[in-house]
Amino acid sequence: MAPSWGGSYFLFLCMLLGFSTIAYGGNFSTDFDLLFGDDRVKISDGGQSMSLAMDKYSGSGVATKDQFLFGRFDMKIKLVGGNSAGTVTAFYLSSTGDHHDEVDLEFLGNLTGDPYMLSTNVFANGVGGREVQYYLWFDPTADYHTYSIDWSPTRIILWVDDTPIRVINNKEIIGVPFPTKQPMRLYTTLWNGDAWATRWGQVKIDLSQAPFIARFKNYNGTACVPKKGIADCKGFGASMKRGLDNENKKKLKQVNSKWVVYHYCRDLRRYAHGLPFECRRDNMAHSDNNQ
Ligand SMILES: *[C@@H]1O[C@H](CO)[C@@H](O)[C@H](O)[C@H]1NC(C)=O
Ligand SMILES: *[C@@H]1O[C@H](CO)[C@@H](O)[C@H](O)[C@H]1NC(C)=O
Ligand SMILES: *[C@@H]1O[C@H](CO)[C@@H](O)[C@H](O)[C@H]1NC(C)=O
């Protein structure tokens with residue numbers, strides 16, 4: 001009888017192809033290292049939950065012990081409530097070094113009652129500047145919601161719950177850098193961004209409200225950990241080339257027509273001397289949606 005691999009599918013693939021993958025529900029105690037903030041990072045429920053705090057001295061953050069090349073990362077997050085203006089809660093992948101790669105979800109806090117902004121960005125080979133920013137269709141401080149980064153060699157898909165909000169297709173073929181060569185760690189951090197996060201510093205953080213607390217749970221990473229080199233993860237990457245089905249393409253379109261606040265491809269003031277290559281109309285046609 002054929003064994004039922006179920007959730008161990010990736011582990012199976014790993015053994016088969018000789019590269020190293022992780023397949024787990026996720027444990028904050030064992031999978032992450034403290035990055036900064038000392039005991040402002042609190043892990044509970046046997047590694048299933050974590051909170052990050054920021055006070056007047058410091059924010060806090062953690063990073064995975066492992067570096068990954070391609071994978072899917074899900075995290076339930078409940079953002080800082082009340083007057084959170086100036087706080088930035090970040091959930092992102094990043095490599096290190098000069099020409100780094102990065103995939104960002106950054107939640108910019110706001111005054112009580114004003115909407116959070118979700119700012120997304122991608123860096124490849126040190127080049128960023130590809131921000132798309134959204135308001136959310138719910139209050140992200142009232143409850144946990146799942147935020148996901150799905151990173152394959154052909155595209156990156158960012159999800160909020162069951163809704164894809166952004167697809168960044170690999171357009172290396174027309175010369176646009178895309179993260180495929182540098183392993184990245186997963187980070188979650190909470191920090192003071194009031195120099196830029198609040199309409200470029202117009203609203204200052206109110207530290208009398210501190211400590212600010214963001215909560216995380218149900219971390220699930222299914223990703224390739226290259227042991228010897230990036231070639232190790234090729235098979236894994238190839239196995240996850242999934243795109244969006246029609247229903248999800250529709251959801252993506254709806255989010256983009258309703259909830260986008262800022263799109264770098266539409267920022268003619270910033271790019272007065274010409275939009276980035278991938279934004280030009282001919283090149284947009286290469287993607288199955290607006291980046
Ligand atoms: C973790 O993510 C993988 C890949 O997306 C999925 O197959 C698995 O069901 C998830 N596990 C849990 C506990 O959610
Ligand atoms: C997470 O790791 C910690 C430390 O090794 C361990 O005590 C705990 O039982 C683990 N949690 C689960 C759910 O396996
Ligand atoms: C905060 O709320 C104001 C008023 O609704 C809005 O203009 C702004 O985009 C929101 N987000 C940030 C990060 O300031």
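Just follow the structure's listing: the first ligand is 1, and inside any ligand the first atom is 1.
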Visitor: Do the rings of Phe68 and Phe73 sit parallel, tilted or perpendicular, given the 30° and 60° boundaries?
Guide: tilted
Visitor: Tell me the protein heavy atom at minimum distance from atom 5 (O) of ligand 2, and give that distance in Å.
Guide: Thr30 CG2, 3.3 Å
Visitor: Determine whether Leu118 and Leu105 make a side-chain contact, defined as any pair of heavy atoms from C-beta on separated by less than 4.5 Å.
Guide: yes
Visitor: For atom 2 (O) of ligand 2, what is the closest protein heavy atom, and at what distance to 0.1 Å?
Guide: Asn27 ND2, 2.4 Å
Visitor: Quick one about Asp74 and Tyr147 (side-chain donor to acceptor, distance below 3.5 Å, no hydrogens or angles considered), yes or no?
Guide: no
Visitor: For atom 8 (C) of ligand 2, what is the nearest protein heavy atom, given as residue, atom name and distance?
Guide: Gly46 O, 3.6 Å
Visitor: With heavy atoms of Pro115 as the reference, note each atom of ligand 3 found under 4.0 Å away.
Guide: 1 (C), 2 (O), 5 (O), 10 (C), 11 (N)
Visitor: If you count the atoms of ligand 1 from 1 in the order shown, which ones are under 4.0 Å from a heavy atom of Arg72?
Guide: 5 (O)
Visitor: Under a 4.0 Å heavy-atom limit, does Ala85 contact ligand 3 with its side chain, its backbone, both, or neither?
Guide: neither
Visitor: Got an N/O contact under 3.5 Å between Tyr116 and ligand 3?
Guide: no
Visitor: Could you check if a side-chain atom of Thr189 sits within less than 4.5 angstrom of a side-chain atom of Phe36, using non-hydrogen atoms only?
Guide: yes
Visitor: Is the side chain of Asp232 donor-acceptor paired with the backbone N or O of Lys227 at a distance under 3.5 Å, no angle test?
Guide: yes
Visitor: Which protein heavy atom lies closest to atom 13 (C) of ligand 2, and at what distance to 0.1 Å?
Guide: Gln48 NE2, 3.3 Å
Visitor: Check contact between Tyr135 and ligand 3, using heavy atoms of the residue and a distance below 4.0 angstrom.
Guide: yes
Visitor: Checking ring pair (Phe, Tyr, Trp, His ring centres under 6.0 Å) against Tyr92, which of Trp191, Tyr187, Trp151 comes through?
Guide: Tyr187
Visitor: If you measure from the Lys or Arg side-chain nitrogens to the Asp or Glu carboxylate oxygens, is any gap between Asp55 and Arg40 under 4.0 Å?
Guide: yes
